[in-house]
Amino acid sequence: MLRERKVCALLVSLAVFAGPLLLAQKTAAPVTSLRVYLFDCGLIKGENPLEYGLNKGDVKNPDMVVPCYLIVHPKGTLMWDAGVIPDSAFKGDAPATQKDGSDTETSPRPLLPQLAALGYRPETITYIAFSHYHSDHVANANAFAGSTWLVHAAERDAMFAAKPEDQAAYKLLRNSKTIILPNTDYDVFGDGSVIIKSTPGHTPGHQVLALKLPKTGPVLIAGDLWHYAAERTASRPPQDEANQQQTLASRVAMEAYLKQSGAQLWIEHDPETFRRLKKAPAYNE
Ligand SMILES: [Zn+2]
């Protein structure tokens with residue numbers, strides 16, 4: 001009797017817990033053309049534009065948005081940047097907040113449930129890549145340790161030379177299947193529509209992503225090559241670059257690319273860019 005009751009209770013709990021789980025296991029249908037989903041992965045308050053080579057008054061709103069991007073191609077998927085707050089920091093449905101020096105970082109919702117709602121689980125994502133390894137871009141990196149990691153050697157070396165506590169967010173990538181990228185363009189899916197470009201300076205192996213979207217046209221997702229649009233005309237680079245001369249050279253190269261390709265510039269932390277783009281579950285194509 002006792003056993004039957006236990007079995008019964010087990011079945012009830014299975015039904016209660018597995019119901020939503022089964023719903024979350026929706027699988028995304030394959031796509032026939034390139035698209036990019038943007039997720040709201042948070043907001044950073046407390047930044048000082050003067051630290052980015054700017055003058056007082058150059059920037060009206062110093063807050064930085066933190067998008068995460070899922071690139072979906074007919075041949076596979078690429079997760080680009082993974083947020084500022086790890087999913088493990090969320091309690092219930094409440095937004096999460098953390099302090100980083102003088103900054104206050106918040107995120108409205110965890111990342112993985114947003115992917116699941118579209119039918120993607122981390123283990124189904126083909127590639128993981130970050131513009132760079134700073135903490136506001138890699139918070140959920142470990143979740144993608146089963147994907148193939150696309151990274152420059154200089155970046156990977158810097159990541160695993162960092163203090164152990166700073167490696168916590170991405171330590172599982174050490175054993176991931178990894179493709180070390182050349183210091184030239186890297187064509188992710190082999191058809192020229194998703195290209196990773198080497199733009200060192202902000203970090204030793206900083207990289208940006210050039211997309212050829214079927215309706216939007218060419219787009220450059222620029223990582224932290226610039227944080228604020230006003231930096232494009234500033235004469236000084238930001239203070240805390242790994243190598244300021246490299247940053248300036250990478251900026252010159254990408255300004256030339258923008259001019260030659262006619263690509264839209266998506267500065268990742270720029271609230272205005274984020275505001276005008278479609279956010280998941282809608283997508284940009
Ligand atoms: Zn950043």
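The structure presented is a predicted model; accordingly, all values stated were derived computationally and were not measured. When a ligand or atom number is given, it counts from 1 through the structure's own listing order.
- Heavy-atom minimum distance, Gly192 versus Ile195: O-CG1, 3.8 Å.
- Using cut-offs of 30° and 60° on the angle between ring planes, the pair Tyr283 and Tyr37 is perpendicular.
- Taking a 6.0 Å sphere around NZ of Lys99, one finds it holds more than 12 heavy atoms contributed by other residues, nucleotides or ligands.
- Residues Tyr127 and Phe189 place their aromatic rings such that the two centres sit under 6.0 Å apart.
- Contact detail for Leu173 and Ala145: the closest heavy-atom pair is CD2-CA, 3.8 Å.
- Each protein N/O/S atom under 2.8 Å from the Zn ion (ligand 1) was counted, for a total of 4.
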Walk me through it: do Glu155 and Gln207 pass the test side chain to side chain contact (heavy atoms under 4.5 Å, CB included)? CA-CA 9 Å; Glu155 191 77 355; Gln207 54 193 17; over 6 Å; no
